[in-house]
Amino acid sequence: MQVVVRDNNVDQALRALKKKLQREGVFREMKLRNYYEKPSEKKARQKAEAVRRARKLARKKAQREGLVAAPTR
């Protein structure tokens, strides 16, 4: 991963680096690796994440097709 520092603006480059790391999921991976996770727990977590992603995708698809009203903010 590479971030370009322009005009000696290290703060801006650091922000860009953090954003890239967040997008790649590095922080989340580090948090998960802080402690040992039993294989059965890992499998259950991954399955729950997959279900969550599938529901989110289905919800977005339904909103695009007009079957479900978009959430109000």
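As the structure is a computational prediction, the values presented were derived from the model and not from experiment.
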Report summary line: Note: Val4 and Ala13 closest approach over all heavy atoms is O-CB, 4.1 Å

Report task. Could you please spell out the steps behind the side chain to side chain contact (heavy atoms under 4.5 Å, CB included) verdict for Lys19 and Arg23? Result -> CA-CA 6 Å; Lys19 194 179 233 179; Arg23 210 174 293 133; 3.5 Å; yes

Query raised in the report: Roughly how far, to the nearest 0.5 Å, is CG of Leu14 from CD of Gln12?
Result: 11.0 Å

Query raised in the report: Just wondering, are more than 12 heavy atoms of other shown residues or ligands nearer than 6.0 Å to CZ in Arg45?
Result: yes

Query raised in the report: Taking atom CE of Met1 and atom CG of Leu17, what is their separation to the nearest 0.5 Å?
Result: 7.0 Å

Report summary line: dist Arg15:CZ -> Asn9:CG (nearest 0.5 Å) comes out at 7.0 Å

Query raised in the report: Between atom CZ of Arg53 and atom CD of Glu49, what is the distance when rounded to the nearest 0.5 Å?
Result: 6.5 Å

Query raised in the report: Any salt bridge between Glu29 and Arg33, counting N to O under 4.0 Å?
Result: yes

**Report entry** Neighbour count above 12 (heavy atom, 6.0 Å) for Glu37 CD
**Finding:** yes

Requested in this report: Using the side chain to side chain contact (heavy atoms under 4.5 Å, CB included) rule, take Glu65 and Lys61 through it: C-alpha gap first, then chi angles, then the decisive distance, then the call.
Outcome: CA-CA 6 Å; Glu65 294 174 355; Lys61 186 177 178 185; 3.3 Å; yes

Query raised in the report: Can you hop from Met30 to Leu21 via hydrophobic side chains spaced under 4.5 Å?
Result: yes

Query raised in the report: Any side-chain heavy atom of Gln46 within less than 4.5 Å of one from Lys42?
Result: yes

Query raised in the report: More than 12 non-hydrogen atoms from neighbouring residues, nucleotides or ligands closer than 6.0 Å to CG on Asn34, yes or no?
Result: yes

Report task. Search all heavy atoms of Gln22 against all heavy atoms of Phe27 and return the closest pair with its distance. Result -> OE1-CD1, 3.4 Å

Query raised in the report: In Å, rounded to the nearest 0.5 Å, how long is the span from OH of Tyr35 to CD of Glu41?
Result: 7.5 Å

